[in-house]
Protein chains: 2
Amino acid sequence: MTLALTKTDKATQILNGALQEFLAHGYAGTSMDRVAATAGVSKPTVYNHFQDKEGLFRALVQKIARERFQIKFKAEILSGPLEESLPRLLASMVNTISDDDDYQDFVRLVIGESGRFPELSRTFVTYLVRPGLQQMQDYLEQHPEFGFADSQAIAQIILGSAVYMCLTQYILHGHDIMPLSKENYIEAMTRLMLNSALSEAIQRP
Amino acid sequence: MTLALTKTDKATQILNGALQEFLAHGYAGTSMDRVAATAGVSKPTVYNHFQDKEGLFRALVQKIARERFQIKFKAEILSGPLEESLPRLLASMVNTISDDDDYQDFVRLVIGESGRFPELSRTFVTYLVRPGLQQMQDYLEQHPEFGFADSQAIAQIILGSAVYMCLTQYILHGHDIMPLSKENYIEAMTRLMLNSALSEAIQRP
DNA sequence: GTCTATATCTAGATAGAC
DNA sequence: GTCTATCTAGATATAGAC
């Protein structure tokens, strides 16, 4: 076991502990004592690997945004005609977030700190939002039968509606008091796309 | 000046100070010292009106969700044919949030604390999300020419896309690194609705 | 590099004068 | 009801032994 490996292990250990604590208590609500305890190291070790609390937080969020929580649409989901693939795609996105408590907490953390750590929210946009939008746009453009004039804007609309479901139902706990049907939403969205394709086909024969 | 009025004034004063501090620093990042200083009262006065920090925070968020930040679509925006009223409505929603820094901070605060204060996020859903959805649904149903089978699901989709714009562009500061055209979005959304209306009319003559 | 022990400060909350 | 002054706990960060 080399020194370099030991150092890497400790750093990873610390980041794992920090992730748990920051996800559970937010930035200001997290103490370096508990980070050290959860990571299984002493406090000076934490300060040996990271300059201070801010530095640890920035390093953590950037690492997590790059390495975890990236939604990558699988090929088998994207395959087939749009009346099958689009509902699959929408269900997959919503379920990915609704089933993953850590994902929801990470979104809460990044949005909650976006006023005080704007560059971290930009990292979130760069590594999570923008690739998601690009994938959706690619999907739309691989289905020319949609016939959309502005695939980027449509991608925003589709993604936005799915994010809204996750935000209001799960992140904001609206499911308990204002349950919205996932199935109805997916059906309405799919129908909207198919209807649009039909109309565009009529208008541009 | 009666005692009752004096008490009301102090409570309002405290809530105003607390609002500023909580919006700027979040729940855990806000100190009761600064709340008192910003409100222009002493700390024991704060504790005389509110049981503790949590009680103050709950009272504040509930009051603000009920009294401020409610989006009420104006009649002159909703009037006219949908190819005029819908773009106006979308632009109004997005601009309302993009122009109001306090609104953005309030959203950050509620989402950021939604894991630790779930009942406050439900209050947010009850007083801000649900009425917004209902208004959109009412608008759609007052325009039978849309011909939607599921007006609630369509209302979600429209609102969701607008919220997504605000979230990614302004709250998460995506505008600096991934600018999305408000005009393109509004045009695409409007066209989607008009196309859908056309198709529905064809399929149900 | 890592720990025990500690310095320093600020937090939430309150006692007691008026 | 409101203030000054204060208590106590827990926060960030580090000194110094190993």
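What you are looking at is a predicted structure, and each value in this text was computed from that prediction instead of being measured. Note that these values count all heavy atoms, side chains included, but never hydrogens, waters or copies made by symmetry.
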| remark: Heavy-atom contacts, protein to nucleotides 12-18 of chain D, under 4.0 Å, summarised as B (base), S (sugar-phosphate only) or - (none) per nt, yield BBBB---
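Annotation: salt bridge (Lys or Arg N to Asp or Glu O under 4.0 Å) contacts of Asp150(A) (sequence neighbours excluded): none. Every residue two or more places apart in sequence or in another chain was checked for a side-chain contact (heavy atoms from CB on, under 4.5 Å) with Gln51(A), and none qualifies. Taking the ring-ring contact (aromatic ring centres under 6.0 Å, His included) definition, one finds that Tyr103(B) meets it with Phe69(B), sequence neighbours left out. Residues satisfying the ring-ring contact (aromatic ring centres under 6.0 Å, His included) criterion with Phe57(A), sequence neighbours excluded, are Phe22(A), Tyr27(A), Phe117(A). Among residues two or more places apart in sequence or in another chain, the side-chain contact (heavy atoms from CB on, under 4.5 Å) test is passed with Pro87(A) by Ile186(A), Thr190(A). Residues satisfying the salt bridge (Lys or Arg N to Asp or Glu O under 4.0 Å) test with Glu67(A), not counting sequence neighbours, are Lys63(A).
When side chains are defined from C-beta on, Val94(B) does not count as touching Gln169(B), because their heavy atoms never get closer than 4.5 Å.
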Hey, can you pull the donor-acceptor pairs under 3.5 Å for the side chains in residues 156-164 of chain A, sequence neighbours left out?
from: Ser161(A); atom 1: OG; to: Ile157(A); atom 2: O; distance (Å): 3.4
from: Ser161(A); atom 1: OG; to: Ile158(A); atom 2: O; distance (Å): 2.7
from: Ser161(A); atom 1: OG; to: Tyr185(A); atom 2: OH; distance (Å): 2.8

Interface polar pairs with nucleotides 7-9 of chain D, N/O, under 3.5 angstrom:
none

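One interatomic measurement links the two molecules: NE2 of His25(A) to P of dG10(D), which rounds to 14 Å at whole-angstrom precision. For the pair Phe50(B) CZ and dT14(C) P, the computed distance is 16 Å after rounding to whole Å.
Screening residues 132-143 of chain A for salt bridge (charged side-chain N to carboxylate O under 4.0 Å, His left out), with sequence neighbours left out, gives no hits. Applying the salt bridge (charged side-chain N to carboxylate O under 4.0 Å, His left out) definition to pairs two or more places apart or across chains, those involving residues 29-44 of chain B are Glu21(B)-Arg34(B), Asp33(B)-Lys43(B).
Nearest heavy atoms, Val125(A) versus Thr168(B): CG2-O, 4.3 Å.
Within the 4.0 Å cut-off from OP1 or OP2 of dG1(C), not a single side-chain nitrogen or oxygen of His49(A) is found. Contact annotation: Thr45(B) does not reach the phosphate of dG1(D) (side-chain N/O to OP1 or OP2, under 4.0 Å).
Bending across the helix from dG1(C)-dC18(D) to dC18(C)-dG1(D), expressed as the angle between its end axes from five pairs apiece, amounts to 10° (10° rounding).
Distances were taken from every side-chain heavy atom of Asn48(A) (C-beta onward) to each of dG1(D), dT4(D), dG1(C); the shortest belongs to dG1(C).
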